[in-house]
*Asks:* 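Take a look at the following structure, please.
Any value given below was found using the heavy atoms of this structure, including those in side chains, with hydrogens, waters and symmetry copies removed. Only a predicted model underlies this, so the values are computations on that prediction, with no experimental measurement involved. Counting starts at 1 for both ligands and their atoms, in listed order.
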Amino acid sequence: MSSKGNELNHLAIIMDGNGRWAKKRHKPRFIGHREGMDNVERITLAADKLGIKVLTLYAFSTENWARPKEEVAYLMNLPVRFFDKYMPTLMENNVKVNIMGYLDELPEKTYRIVQRAMSETANNTGLILNFAFNYGSRREITSAMRELGGMIEAGLLTSEKITEEMISNHLMTSNFGPYRDPDLLIRTSGEQRISNFLLWQLAYSELAFSDKNWPDFDKNDLTKFVEDYKHRNRRFGKVDESDS
Ligand code: FPP
């Protein structure tokens, strides 16, 4: 570890607590999601200033379809609102948008806006803002297994040739190259679960939990978590040399 501490290249966040934020204020849940959406922009810019290269945000899980129809409809419309409102700021800040998930299953309007956001920012070279949207990690791993199985059936691979690297390369984070695994995962709202998020990629990530609901999680909170992370002792299963 250098004197400046661990580098934080990839930060992942489970943005939880929008509903509770709204309830506390006697407002409908969608107001919490709307506030949460505005906070995405604030935290994106703060993450960029902190030198983070990939910011992955869990925005809609494959399990979230089971919420009330009106809430699902509101959540499906959030990318439309978000990119309508913030695309100019994202462009000004050289942010590159990526959306990972089962995008073919999204309503047409949502599908079109996320594709447009990705293509309009494709040549940006700054922070990668990666939304997990209609994403589920077990399903992602299952898809990867199917792809590798297909290669075996086609005679392109044998089972004993399967490596961890190959599995990583078949996941939705593969295009982030050296930054494909998060260094740090933060979950807001006091819950301490992974909730089917990046199960393979989080194998050696540091975990941190904030009691604040997502709309209240601000740049000072982010800075504190990042500073704490920098001074953690990451061993990746090895023995710490200073202990021996
Ligand atoms: C969890 O809070 C939050 C979500 C399911 C939605 C997260 C989405 C955003 C913050 C906005 C995303 C923005 C874009 C551009 C897609 P919850 O509803 O589970 O809260 P609760 O646990 O308090 O009920």
Side-chain angles (χ1 to χ4, degrees), residues 11-48 54-91 93 95-103 105-107 109-118 120-121 127-137 172 185-198 209-219 221-222:
L11 170 66
I13 306 182
I14 301 179
M15 308 180 288
D16 197 5
N18 292 345
R20 276 163 284 169
W21 184 93
K23 195 170 176 200
K24 255 179 150 172
R25 290 161 180 79
H26 310 287
K27 291 187 168 147
R29 292 176 60 79
F30 80 87
I31 299 284
H33 294 314
R34 195 182 65 194
E35 283 296 318
M37 180 197 87
D38 287 329
N39 202 33
V40 166
E41 176 63 9
R42 294 191 289 268
I43 292 296
T44 300
L45 299 183
D48 186 32
V54 181
L55 175 64
T56 296
L57 302 176
Y58 205 4
F60 191 89
S61 79
T62 46
E63 289 72 37
N64 285 152
W65 294 105
R67 293 189 174 205
K69 197 163 92 259
E70 301 70 33
E71 184 169 351
V72 169
Y74 192 85
L75 290 169
M76 283 297 138
N77 199 43
L78 273 181
V80 180
R81 295 175 81 103
F82 180 79
F83 292 118
D84 272 355
K85 188 165 174 186
Y86 292 118
M87 192 51 115
T89 325
L90 297 176
M91 291 303 286
N93 286 278
V95 172
K96 182 172 174 157
V97 173
N98 188 70
I99 324 277
M100 63 171 196
Y102 294 90
L103 304 188
E105 296 165 9
L106 300 180
K109 199 173 169 197
T110 313
Y111 180 83
R112 267 192 276 122
I113 193 91
V114 299
Q115 292 295 348
R116 204 173 84 202
M118 286 193 277
E120 280 182 13
T121 61
L127 174 90
I128 297 174
L129 173 58
N130 178 37
F131 288 101
F133 203 81
N134 195 24
Y135 171 87
S137 184
M172 294 176 185
L185 169 77
I186 299 174
R187 183 173 187 146
T188 60
S189 88
E191 308 292 345
Q192 303 196 356
R193 289 187 293 276
I194 302 294
S195 301
N196 202 17
F197 189 45
L198 302 171
F209 301 96
S210 166
D211 285 332
K212 285 200 180 173
N213 291 321
W214 170 249
D216 287 332
F217 185 84
D218 63 19
K219 72 169 193 271
D221 299 312
L222 179 68

*Asks:* Is R25 positioned over the aromatic face of W21, cation under 6.0 angstrom from the ring centre and no more than 45 degrees off axis?
*Replies:* yes
*Asks:* Distance to 0.1 Å, residue and atom name: give those for the protein heavy atom nearest to atom 10 (C) of ligand 1.
*Replies:* N18 ND2, 3.3 Å
*Asks:* Enumerate the residue pairs fulfilling salt bridge (Lys or Arg N to Asp or Glu O under 4.0 Å) with a member in residues 36-45, sequence neighbours excluded, ordered by first and then second residue.
*Replies:* D38-K85
*Asks:* Considering the heavy atoms of L78, write down every atom of ligand 1 situated less than 4.0 Å from one of them.
*Replies:* 11 (C)
*Asks:* Answer with yes or no whether the side chains of R187 and S210 bring together a donor and an acceptor at under 3.5 Å.
*Replies:* no
*Asks:* Could you tell me whether K24 atom NZ has more than 12 heavy atoms of other residues or ligands within 6.0 Å of it?
*Replies:* no
*Asks:* Taking the non-hydrogen atoms of S189, is any one of them nearer than 4.0 angstrom to ligand 1?
*Replies:* no
*Asks:* Pick whichever of R67, M15, R29, E41 has a heavy atom sitting closest to atom 5 (C) of ligand 1.
*Replies:* R67
*Asks:* Compare W214, F82, Y74 and give the one whose heavy atom is closest to atom 15 (C) of ligand 1.
*Replies:* F82
*Asks:* What protein heavy atom sits nearest atom 6 (C) of ligand 1, and how far off is it?
*Replies:* A59 O, 3.5 Å
*Asks:* Answer whether the closest heavy-atom distance between the side chains of N213 and N18 falls below 4.5 Å.
*Replies:* no
*Asks:* Once ring pair (Phe, Tyr, Trp, His ring centres under 6.0 Å) is applied, do any residues pair with F82, and if so which ones, sequence neighbours excluded?
*Replies:* Y86, F131
*Asks:* Does a donor on one side chain sit under 3.5 Å from an acceptor on the other, for N196 and E63?
*Replies:* yes
*Asks:* Counting both backbone and side chain atoms, is some N or O of D16 under 3.5 Å from an N or O of ligand 1?
*Replies:* yes
*Asks:* Which of the atoms of ligand 1 are close to F131, meaning less than 4.0 Å from one of its heavy atoms?
*Replies:* 14 (C), 15 (C)
*Asks:* Once you restrict to heavy atoms under 4.0 Å, what part of W21 touches ligand 1? Side chain, backbone, both or neither.
*Replies:* neither
*Asks:* Check the side chains of E70 and Y74 for a donor-acceptor pair under 3.5 angstrom, ignoring hydrogens and angles.
*Replies:* no
*Asks:* Can you pull out the closest protein heavy atom to atom 13 (C) of ligand 1? Residue, atom name and distance to 0.1 Å, please.
*Replies:* V40 CG2, 4.0 Å
*Asks:* Check ligand 1 against R20 and write out every atom of the ligand that is under 4.0 Å from a heavy-atom position of the residue.
*Replies:* 21 (P), 22 (O), 23 (O)
*Asks:* Could you say whether the N/O atoms of G19 and ligand 1 ever approach to under 3.5 Å?
*Replies:* yes
